[in-house]
2 protein chains.
Amino acid sequence: MEKCVNLSVASHRAQESNRRLAARTAHLLPETEGHGTQGRVLKVALTMFAERGYAATSVRDIAAAVGVKGATIYAHYASKEHILAELCRIGHDAHYRGLRTAVLGTSGRPVDQLIAYVQAHVGFHTTYPMLAVVANSELHALSKELGASTFLLRRQSVELLREIVERGVHDHTFHVPDVWLAVAAIGGMGLRVAYWFSADHALSAAQVADGYTEFALRLVGTPPRRGTAQAADPEADSVAQRRPRRQQKHEFPDR
Amino acid sequence: MEKCVNLSVASHRAQESNRRLAARTAHLLPETEGHGTQGRVLKVALTMFAERGYAATSVRDIAAAVGVKGATIYAHYASKEHILAELCRIGHDAHYRGLRTAVLGTSGRPVDQLIAYVQAHVGFHTTYPMLAVVANSELHALSKELGASTFLLRRQSVELLREIVERGVHDHTFHVPDVWLAVAAIGGMGLRVAYWFSADHALSAAQVADGYTEFALRLVGTPPRRGTAQAADPEADSVAQRRPRRQQKHEFPDR
DNA sequence: TACCCGTACGAACGACCGTTAGGCAATGGA
DNA sequence: TCCATTGCCTAACGGTCGTTCGTACGGGTA
């Protein structure tokens, strides 16, 4: 046993079975993807925070991967925590805006809104897995001050789903034992997608989104329109039986 | 801005909105709960790993909370990673054994097995939230050698659910667009319970387990026997309409 | 009595931590 | 040509990290 095996070294040998998430490439938002050193720092930090965790990633680690010395980081960000804060804000902001845009672009019926919400929710987690992992599982490392705007966005995302479910229950299209429980279940199962999904997964992002949309509709107790989904055949898009086709691509680029 | 604000200090000021999990008391298994220093180390480490994360918790932090000096920890554990390894192993072992016992105590019909599985799955996450959080979100910090047995247990837990769903699809009681997707959704939504559930939650552990069981049954497309769940009334136990009553307490102590 | 073993300690090792200070070269507008 | 700005550097500060070493105390055993 060596004298001093430190965190970053230990994390480096993480290989396959114990990977934190399946995705291998950091995907930042197109409009946020800067081309200078500052943007590269953000992208590298995203990858490392997602794979090793915030606390296990040092400023020098990020700098080395960017191709710069540690001190240079501080010419672009006030502190390591500010980098995390920006990533969390970007992630939750994109997430919430995606949900909001999708939901607002529907008829207004709770069923349609739920479909749009889950499509956008799952779509975000398949398109930006690393952003989702960092924004969700490193949030606790953020101080109250630096995380304030992020916490607000997260509350709004949950609240948006809660209102949809509540309205669906109210007009008797949804039937759930408890509104909050359904919100937690739908939100939670979508969140977990970020950990196991990757571009080379057997299922495409659209298939995952469609499958989870079907699951969410069943979860809230909506009666199936025609038949129910068939097993084993990935082409059998059961959601298409309820709506003409998956609605707009909810602003996330296709893969 | 101070000269050197370090991780442990920064994590200490995490207060409310950004807490990693809602639970406040570490709950180790009764049979694992040692009374000596070794047991106290395990319990304290569980709390700190759950709240701050493995990498953000130092050996001296644990020692101080136990009331002992850092060097003493090494009289009981070979390394910090060995503590994490033991916690992960305990957690996944209890989880898998709970699932297995619950499923084996049923009639053998996929519906009954799924009910038993979800009850045990959710029950574990409400009873041992900290153990679940550590065992799941700190797993990536474990080396392949120290985590081998844990990785195996996790694969077995997922495989158990996969077989249940597969058999249900095969005998036409379940109808899902994709078996693996249903497994991921059911497993994932249960896993998230550990993060938001606590003893003083508005919903009891039993209500959460029953609600999620209902969700899982709907998710796999089982036709409702009589009516569906009613909204807003926590006493309306929809699962009870399918089965006489929640089956045995699947070996987790009641709260 | 002599011995051992489990438990706990202070001190230290060497590496790494986040962060700052100060300097140097290139750039571009006045 | 001068000057301010930008971007990056080296070096260092004050700590903390995981871990080891040598020691000491206390109780059970031979």
Side-chain angles (χ1 to χ4, degrees), chain A residues 1-14 34-45 48-49 52-87 138 141-143 145-146, chain B residues 1-14 34-45 48-49 52-87 138 141-143 145-146:
Chain A
M1 197 168 297
E2 307 92 319
K3 184 91 198 227
C4 188
V5 181
N6 253 12
L7 302 173
S8 50
V9 182
S11 303
H12 259 303
R13 62 182 142 97
H35 290 296
T37 302
Q38 178 154 353
R40 297 225 309 283
V41 168
L42 211 58
K43 195 164 179 171
V44 164
M48 291 189 160
F49 289 170
R52 312 180 195 177
Y54 172 73
T57 304
S58 77
V59 173
R60 286 172 179 87
D61 285 339
I62 301 171
V66 171
V68 102
K69 299 299 176 182
T72 303
I73 301 287
Y74 290 87
H76 300 282
Y77 294 95
S79 74
K80 182 185 159 188
E81 195 186 346
H82 278 82
I83 303 177
L84 176 63
E86 174 129 7
L87 286 172
E138 300 295 348
L142 228 45
S143 69
E145 305 84 44
L146 282 186
Chain B
M1 196 167 299
E2 307 93 319
K3 185 92 199 231
C4 189
V5 182
N6 253 12
L7 301 173
S8 49
V9 182
S11 304
H12 261 301
R13 61 182 143 96
H35 289 295
T37 301
Q38 179 153 351
R40 298 225 310 281
V41 168
L42 209 59
K43 194 163 181 174
V44 164
M48 291 190 159
F49 289 170
R52 314 180 194 177
Y54 172 73
T57 304
S58 76
V59 173
R60 287 173 179 86
D61 285 338
I62 301 171
V66 171
V68 103
K69 300 297 176 184
T72 303
I73 301 287
Y74 291 87
H76 301 281
Y77 293 96
S79 74
K80 182 185 160 187
E81 194 186 346
H82 278 81
I83 303 178
L84 176 63
E86 174 131 6
L87 286 172
E138 300 296 348
L142 229 44
S143 69
E145 304 83 43
L146 282 187

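First the proteins, then the strands, lettered A, B, ... as listed; each starts at 1. Because the structure is a prediction, the values reported are computed rather than measured.
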Subject >> Closest non-hydrogen atom pair, E138(A) against F49(A) >> reply: OE2-O, 3.8 Å
**OP:** Using whole Å, report how far CZ of R40(B) lies from P of dT7(C).
**Re:** 13 Å
Original post:
What are the two closest heavy atoms between I83(A) and A45(A), and how far apart are they?
Top reply: CG2-CB, 3.6 Å
Subject >> Near-strand residues of residues 62-76 of chain A, defined as heavy-atom separation under 4.0 angstrom from DNA chain D >> reply: V68(A), K69(A), A71(A), T72(A), H76(A)
Subject >> Value in whole Å for how far the P atom of dC17(D) lies from CE of M48(B) >> reply: 11 Å
Original post:
What distance do K80(B) atom NZ and Y54(B) atom OH have between them, rounded to the nearest 0.5 Å?
Top reply: 5.0 Å
Subject >> Minimal non-hydrogen separation, M48(A) against A65(A), with atom names >> reply: CE-CB, 3.7 Å
**OP:** Starting at atom CG of L84(A), determine the distance to atom P of dG18(C), rounded to an integer number of angstrom.
**Re:** 13 Å
Original post:
Rounded to the nearest Å, what distance is computed from the NZ atom of residue K80(B) to the C1' atom of nucleotide dT19(D)?
Top reply: 12 Å
**OP:** Calculate, to the nearest 0.5 Å, the distance between atoms OG1 and CD1 belonging to T72(A) and I62(A) respectively.
**Re:** 12.5 Å
**OP:** Would you tell me if any nitrogen or oxygen in the side chain of T37(A) comes within less than 4.0 Å of OP1 or OP2 on dG7(D)?
**Re:** no
Subject >> I83(B) CD1 - dC17(D) P separation (whole Å) >> reply: 14 Å
Original post:
What is the distance, rounded to the nearest whole Å, between atom CZ of R52(A) and atom P of dC17(C)?
Top reply: 10 Å
Subject >> Nucleotide dA15(C), atom P - distance to CG of D61(A) in whole Å >> reply: 17 Å
**OP:** Write down the distance between CZ (R60(B)) and P (dA8(C)), rounded to a whole number of angstrom.
**Re:** 17 Å
Subject >> Distance in Å, L87(B) CG paired with H82(B) NE2, rounded so as to fall on 0.5 Å steps >> reply: 13.0 Å
